[in-house]
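All remarks here apply to the structure that follows.
To find a chain, count down the sequence lines: A is the first, B the second, and so on, and within it residues start at 1.
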Amino acid sequence: MDKAISKKIIKLLSQRYGSINPDLKYIDLYQLTIAVVLSAQTTDKQVNSVTPILFGKYPDFKSLSGAKIKEITKIIRSTGFYRNKSKNIIELSKIITKQHKGIVPDNMKELIKLPGIGRKSANVILSIGFKKPALAVDTHVARITKRLGYTLSHNPVEVERDVTAIIPRTDWIKAHLLFIKHGREICKARKPLCRECAVNSLCPDTHNIPYRP
DNA sequence: ATCCCGAGGG
DNA sequence: CCCTCTGGAT
């Protein structure tokens, strides 16, 4: 449970998957924040298919704050949960425009007050948007660190703290992306492909899971 | 069928 | 802790 081992894991995952570049196509905090809200329970592909249209028509918080829910649902429909998301991003835009002078807050306390922003989304905004050493402990990160024996708690805040403590501060974005890829492709929730796992030699779970071709 | 870089509410 | 919200990919 120390940084040396986490560094080793990150290194092994990098060797396996190559260097993954953080997706920094969102040119400003407005785009990043909205994209993060839209990303809940869907894939990048879906989000990327609607953001050009959305950002083309609503380039900033102010314009989005004046939009109608119906117009937004029409655009973001394919990302799922579209009624919640539409309502949330309009309301969020209003709050940021009126209460934060159009500036996205740079701390957890204020971010999670915004509709549609929870701990995970807030951490993505803090790390990618503000370059802070925040790590979004999503389902993949939580699952992988738990299987590796790094986290024992069920409390999400404690898990987040434990995980953040072991990830090198210079590598948090890369680490996050590696964990996501690894979690989706190999260390899956069900039927993990332990035989193909780049870090199986470090994983106590591996030996209990039979390999099925 | 099952899952997705979740959030909000009871 | 539980449940609901939703389309799309596999």
Side-chain angles (χ1 to χ4, degrees), chain A residues 10 13 17 19-26 29 31-51 53-54 69-70 72-96 104-105 108-130 132-147 151 153-160 163-164 167 171-193 196 212:
Chain A
I10 292 168
L13 292 178
Y17 302 117
S19 60
I20 304 175
N21 292 324
D23 200 350
L24 299 176
K25 69 177 147 327
Y26 303 115
L29 282 165
Q31 294 195 1
L32 175 67
T33 304
I34 301 302
V36 163
V37 175
L38 298 185
S39 294
Q41 283 300 105
T42 189
T43 59
D44 270 7
K45 211 172 177 181
Q46 297 304 324
V47 175
N48 293 339
S49 73
V50 306
T51 45
I53 302 164
L54 183 66
I69 291 182
K70 254 195 163 177
I72 305 302
T73 56
K74 202 184 295 175
I75 298 172
I76 69 167
R77 188 175 158 280
S78 66
T79 65
F81 299 143
Y82 55 84
R83 265 186 288 267
N84 287 336
K85 289 175 181 174
S86 297
K87 197 166 156 237
N88 283 339
I89 60 177
I90 292 171
E91 182 62 23
L92 176 151
S93 297
K94 284 182 185 168
I95 294 173
I96 290 185
V104 179
M108 174 66 73
K109 192 178 169 193
E110 292 300 322
L111 281 171
I112 57 177
K113 287 183 188 168
L114 300 170
I117 306 279
R119 286 203 136 257
K120 297 170 196 174
S121 300
N123 273 326
V124 172
I125 293 169
L126 289 172
S127 63
I128 296 179
F130 291 103
K132 294 198 175 192
L135 189 78
V137 180
D138 55 48
T139 52
H140 296 304
V141 176
R143 183 172 64 253
I144 294 167
T145 51
K146 188 162 191 180
R147 282 179 174 163
T151 51
S153 173
H154 290 286
N155 180 328
V157 179
E158 285 178 24
V159 174
E160 186 186 302
V163 174
T164 304
I167 304 292
D171 287 338
W172 68 90
I173 295 176
K174 189 174 78 174
H176 188 203
L177 297 173
L178 285 171
F179 275 89
I180 288 168
K181 187 170 176 66
H182 186 59
R184 284 197 67 165
E185 298 179 4
I186 303 292
C187 196
K188 301 183 292 183
R190 317 206 172 175
K191 298 185 186 177
L193 307 177
E196 303 170 36
R212 299 188 199 99

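- Candidate nucleotides C/dG8, B/dC5, B/dC4 were compared by shortest atom distance to the side chain of A/Q41, and B/dC4 ranks first.
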Counting only pairs under 3.5 Å, give me each side-chain donor-acceptor contact of residues 133-142 of chain A, with atom names and distances, residues two or more places apart or in other chains.
residue: A/D138; atom: OD1; partner: A/H140; partner atom: N; Å: 2.8
residue: A/D138; atom: OD1; partner: A/V141; partner atom: N; Å: 2.9
residue: A/D138; atom: OD2; partner: A/H176; partner atom: NE2; Å: 2.7
residue: A/H140; atom: ND1; partner: A/R143; partner atom: NH2; Å: 2.9

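- Between the side chain of A/S153 and the main chain of A/N155, a donor-acceptor pair closer than 3.5 Å is present.
- A sub-4.0 Å separation between OP1 or OP2 of B/dC5 and a side-chain N or O of A/R184 is present.
- Atom CG in A/L178 sits roughly 15 Å away from atom P in B/dC5 (whole-Å rounding).
- Dashed line: the shortest gap from a side-chain N or O of A/Y82 to OP1 or OP2 of C/dG7 is under 4.0 Å.
- For A/I180, whose side chain is taken as the heavy atoms from C-beta onward, the closest listed nucleotide among C/dG7, C/dT6, B/dC5 is B/dC5.
- A/F81 qualifies as a stacking partner of the B/dG6 base, centre to centre under 5.5 Å and near-parallel within 30°.
- A/I89 places its CD1 atom 17 Å from the P atom of B/dG6, with the value rounded to the nearest Å.
- If you check every strand for non-hydrogen atoms under 4.0 Å, A/T42 touches a base.
- The distance between atom NE2 of A/H140 and atom C1' of B/dG6, rounded to the nearest whole Å, is 12 Å.
- Here B/dC5 presents its C1' atom at 12 Å from CG of A/N48, a figure rounded to the nearest Å.
- Considering only heavy atoms from C-beta on, A/Q46 stays 4.5 Å or farther from A/S39 through its side chain.
- Within the 4.5 Å cutoff, side-chain heavy atoms of A/H182 are placed close to those of A/C187.
- Look at A/T139 and you'll find a side-chain N or O under 4.0 angstrom from OP1 or OP2 of B/dG6.
- Atom P of nucleotide B/dC3 and atom NZ of A/K188 are separated by 10 Å, given to the nearest angstrom.
- Distance A/R83 CZ to C/dG7 C1': 12 Å, rounded to the nearest Å.
- Of the candidate nucleotides C/dG7, C/dA9, B/dC5, B/dC5 has the atom lying nearest to any side-chain atom of A/L177.
- Two residues are said to be in side-chain contact when any heavy atoms from C-beta on lie closer than 4.5 Å; A/P156 and A/R119 fail this criterion.
- C/dC1 and B/dC5 are spaced 24 Å apart, taking the C1' atom of each and rounding to whole Å.
- Ionic pairing of A/E91 and A/K87 is not present here: no N-O contact between side-chain nitrogen and carboxylate oxygen is shorter than 4.0 angstrom.
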Identify each donor-acceptor pair in which a side-chain atom of residues 72-82 of chain A lies under 3.5 Å from a protein atom, sequence neighbours left out, and give them as a table.
residue: A/T73; atom: OG1; partner: A/I69; partner atom: O; Å: 3.3
residue: A/T73; atom: OG1; partner: A/K70; partner atom: O; Å: 2.8
residue: A/T79; atom: OG1; partner: A/I76; partner atom: O; Å: 2.8

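- The nearest whole Å value for the distance from the CD atom in A/E185 to the C1' atom in B/dC4 is 13 Å.
- Mapped onto DNA chain C by nearest heavy atom, A/R77 and A/K45 fall at different nucleotides, with A/R77 at the one closer to the 5' end.
- With rounding to whole Å, A/F179 atom CZ is found 16 Å from B/dC4 atom P.
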Sub-3.5 Å pairs of nitrogen or oxygen atoms, protein against nucleotides 7-10 of chain B:
residue: B/dA7; atom: OP1; partner: A/G118; partner atom: N; Å: 2.9
residue: B/dA7; atom: OP1; partner: A/S121; partner atom: N; Å: 2.9
residue: B/dA7; atom: OP1; partner: A/S121; partner atom: OG; Å: 2.3
residue: B/dG8; atom: OP1; partner: A/G116; partner atom: N; Å: 2.7

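- A heavy-atom distance below 4.5 Å is found between the side chains of A/L38 and A/L54.
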